[in-house]
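In what follows, a structure is listed as structure tokens, so that the remarks can point back to it.
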Amino acid sequence: MLDLKFVRSNLDLINDMLKDRGYDLDLSGFQSLDKKRRSILTSLEELRYRRNKVSDQIAVMKKSGEDVSSLISEMKAVSKEIKEIEAELPDIMDQLNRPFMLIPNIPHESVVVGKDADDNPVIRRWGKIRDFDFNPLPHWEIGENLNILDFSRAAKIAGSRFSLQSGLGARLERVLINFMLDIHTNNHGYTEILPPFLVNSISMTGTGQLPKFREDLFKVDGWDLFLIPTAEVPVTNIHRDEILSFDELPIKYVSYTPCFRSEAGSYGKDTRGLIRQHQFNKVELVKFCCPEDSDQELESLTTDAEEILQRLELPYRVVSLCTGDLGFSAAKTYDIEVWLPGQQLFREISSCSNFTDFQARRANIRFRRKKGSGTELAHTINGSGLAVGRTFVAILENYQQPDGTVVIPEALRPYLNGLSVIKKEG
RNA sequence: GGAGAGAUGGCCGAGUUGGCUGAAGGCGCUCGCCUGCUAAGUGAGUGUGGGGCGAAAGCUCUACCGAGGGUUCGAAUCCCUCUCUCUCCGCCA
């Protein structure tokens with residue numbers, strides 16, 4: 001959510017921004033609605049002032065035994081009027097808020113204007129793409145051949161877009177989670193969080209999933225609870241409605257959670273393999289910092305995520321999302337894309353974003369520079385560090401051997417009792 | 001699931017026969033004074049959101065005592081609903 005006062009006085013800028021982002025949002029009614037809101041508020045507060053004053057007067061007069069019946073009947077009318085105006089207000093607020101909540105964040109000045117993913121500039125590349133002297137297979141074939149991935153039974157149990165890992169497949173996934181958490185906590189100074197995997201609608205609104213993206217969420221029938229689509233939701237909401245102190249910033253959290261997404265609207269896309277699942281594991285990095293640091297904190301969060309790929313020796317590139325590809329709440333986003341030789345493409349494995357004060361305003365996350373000074377909105381930053389399932393995919397495809405086995409990256413071997421290769425079991 | 005208790009400012013804690021209580025008192029914190037010894041004393045200040053005026057400092061109004069409704073001229077105080085916390089019983093990983 002943007003600042004109301006800012007929008008009020010920068011409507012042209014907002015409209016340009018919406019165009020850059022490819023949004024079709026009509027804000028023409030905004031100004032008159034906002035004016036109406038303020039005039040209603042003013043008259044309401046005048047009436048309340050009067051009521052408060054006279055009520056005090058009544059109390060004093062009553063004590064001294066004076067007759068107050070005429071004042072009371074007069075105030076009866078005033079109270080009635082107040083109630084009528086109060087009843088109007090929610091409707092105005094709602095009319096004003098509905099489009100307002102649908103305005104996306106303003107892109108950072110460094111974000112290039114573009115239409116879609118094809119316009120995303122590549123910022124840097126890392127690692128050498130391996131030269132295969134055989135035809136590399138996609139991970140679903142590798143995994144099923146090794147009996148560590150089973151999509152048909154997953155479909156039997158739950159349906160399409162679910163997966164089942166077994167044996168070393170399950171173990172590799174678990175070990176990857178530990179590996180990532182260990183690096184971020186021990187080497188990068190993040191505090192580990194294990195949050196609820198279901199959250200209420202207030203939390204979902206705080207991070208921007210609601211009201212705009214309800215169809216993407218799984219809701220628990222009969223409860224005000226949703227399955228989290230990312231740890232960003234519970235972890236960012238840790239400090240909802242809080243005033244942080246300057247000294248504790250930046251706050252850095254790392255959290256492993258499963259993530260649940262309906263993937264509505266992506267029918268027919270990535271139907272094979274582990275790429276797009278209703279449930280997947282992710283290790284998420286979340287930061288809270290002061291405004292002047294958020295640019296730098298996004299850079300360091302991104303390199304924190306990159307380090308996982310470097311240690312696993314998986315080649316990747318970093319792209320900066322253009323205006324047309326940028327997410328709703330983000331001012332700037334770096335996508336880290338890992339190379340998948342089985343599919344001959346770079347695939348997003350982490351998305352690192354600076355939300356500036358956009359999420360913080362919704363979620364009411366503030367900080368105070370000094371005791372007694374005013375409050376300011378914090379900036380929030382988050383990114384995957386990394387998507388575990390896609391890391392699993394990248395290992396299978398990049399480390400596959402002609403005989404169908406998969407070599408385990410050096411960095412993971414200590415987590416697997418020194419095991420160096422995944423062979424078909426049983 | 002059954003029975004009961006509670007939810008007040010950064011914290012503790014008054015206030016429940018409705019009326020200068022945005023809220024006593026204490027602690028903490030900030031600034032000043034005093035003092036000189038790892039402390040004590042003393043003075044002042046110390047919530048958030050919204051509106052109006054102002055270049056600003058600031059002034060002023062309004063709302064907020066878990067949340068939402070209701071009663072009333074007037075509610076932290078009365079009534080209803082909900083949420084959360086605690087205690088006991090039951091059940092359970």
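All chains are named by letter (A, B, ...) in the order of the sequence lines, taking the proteins before the strands, and each is independently numbered beginning at 1. Nothing here was measured: the structure is a model prediction, and the numbers come from that model.
Under the 4.0 Å criterion applied to side-chain N and carboxylate O atoms, A:Glu410 and A:Arg413 are assigned as salt-bridge partners. For A:Glu284 and A:Lys282, the salt-bridge test passes: some basic side-chain N is under 4.0 Å from an acidic carboxylate O. Between A:Glu46 and A:Arg50, no side-chain nitrogen of the basic residue sits less than 4.0 Å from a carboxylate oxygen of the acidic one, so the salt-bridge criterion is not met. Between A:Glu88 and A:Lys36 no salt bridge is recorded (no basic side-chain N to carboxylate O distance below 4.0 Å).
Note on A:Asn364: every side-chain N or O is 4.0 Å or more away from OP1 and OP2 of B:U48. The shortest distance between the side-chain N/O atoms of A:Arg8 and the OP1/OP2 oxygens of B:G51 is below 4.0 Å. A:Lys63 has no side-chain polar atom (N or O) that falls below the 4.0 Å cut-off from OP1 or OP2 of B:C20. Look at A:Asn52 and you'll find a side-chain N or O under 4.0 angstrom from OP1 or OP2 of B:U62. For B:C73, the OP1/OP2 oxygens have no side-chain nitrogen or oxygen of A:Arg50 closer than 4.0 Å. Checking the phosphate oxygens (OP1, OP2) of B:U72, no side-chain nitrogen or oxygen of A:Ser79 falls inside 4.0 Å. Contact between the side-chain N/O atoms of A:Arg38 and the OP1/OP2 oxygens of B:G52 is found at a separation under 4.0 Å. OP1 or OP2 of B:G49 has at least one side-chain nitrogen or oxygen of A:Thr375 nearer than 4.0 Å. Between A:Arg48 and B:G51 there is no side-chain polar atom (N or O) within less than 4.0 angstrom of OP1 or OP2. Between A:Lys62 and the phosphate of B:U72, there is no side-chain N or O to OP1/OP2 separation shorter than 4.0 Å.
When the P atom is compared between B:U42 and B:G25, the two are found 15 Å apart, to the nearest whole Å. Comparing the P positions of B:G10 and B:A67 gives an interatomic distance of 13 Å, to the nearest angstrom. Nucleotides B:U81 and B:C29, compared at atom C1', are 40 Å apart to the nearest Å. Here, B:A14 and B:C31 have their C1' atoms 28 Å apart, quoted to the whole Å. Taking the C1' atom of each, B:A76 and B:A24 are spaced 14 Å apart, rounded to whole Å. Nucleotides B:C82 and B:G2, compared at atom P, are 12 Å apart to the nearest Å. Atom name P, nucleotides B:A40 and B:C59: the rounded distance is 33 Å, in whole Å. Nucleotides B:G13 and B:G68 place their P atoms 25 Å apart, quoted to the nearest Å.
The side chain to side chain contact (heavy atoms under 4.5 Å, CB included) test applied to A:Ser201 returns A:Leu210, A:Asp224, A:Phe226, not counting sequence neighbours.
Within the shown strands, B:A7 is the pairing partner of B:U83 under the Watson-Crick or G-U definition, both distances less than 3.5 Å. Applying the Watson-Crick and G-U wobble criteria (two distances, each under 3.5 Å), B:C59 pairs with B:G52. Applying the Watson-Crick and G-U wobble criteria (two distances, each under 3.5 Å), B:G90 pairs with nothing in any strand. Using N1 to N3 plus N6-O4 or O6-N4 for Watson-Crick, or N1-O2 and O6-N3 for G-U wobble, each under 3.5 Å, B:U72 pairs with nothing. Shown here, B:A44 forms a base pair with B:U30; the pair counts as Watson-Crick or G-U wobble because both key distances fall under 3.5 Å. Across all strands shown, B:C65 has no partner, as no Watson-Crick or G-U wobble contact with both distances under 3.5 Å is found. In a base pair of the Watson-Crick type (N1 to N3 plus N6-O4 or O6-N4) or a G-U wobble (N1-O2 and O6-N3), with each distance short of 3.5 Å, B:U38 is matched with no nucleotide.
Put simply, CD on A:Glu242 is 11 Å from P on B:C11, counting in whole angstrom units. Put simply, CD1 on A:Ile85 is 15 Å from C1' on B:A63, counting in whole angstrom units. Spacing between atom CG of A:Asp224 and atom P of B:C84 amounts to 10 Å, rounded to whole angstrom units. Taking atom CG of residue A:Leu41 and atom P of nucleotide B:C64, one finds them 13 Å apart after rounding to whole Å.
Aromatic pair A:His239/A:Tyr253: centroids less than 6.0 angstrom apart.
No contact: A:Lys80 has no heavy atom under 4.0 Å from any strand. Counting non-hydrogen atoms under 4.0 angstrom, A:Leu71 reaches nothing in the nucleic acid.
Remark on RNA chain B: of its neighbouring residues A:Lys76 and A:Thr42, the 5'-side contact belongs to A:Thr42, judged by nearest-heavy-atom nucleotide. Checking A:Ala59 against A:Lys53, the closest nucleotide of RNA chain B that is more toward the 5' end is the one next to A:Ala59.
Not a single donor-acceptor contact under 3.5 angstrom links the side-chain atoms of A:Glu45 to the base of B:G52.
Under the 30°/60° scheme for interplanar angles, the aromatic rings of A:Tyr190 and A:His188 are found to stand perpendicular.
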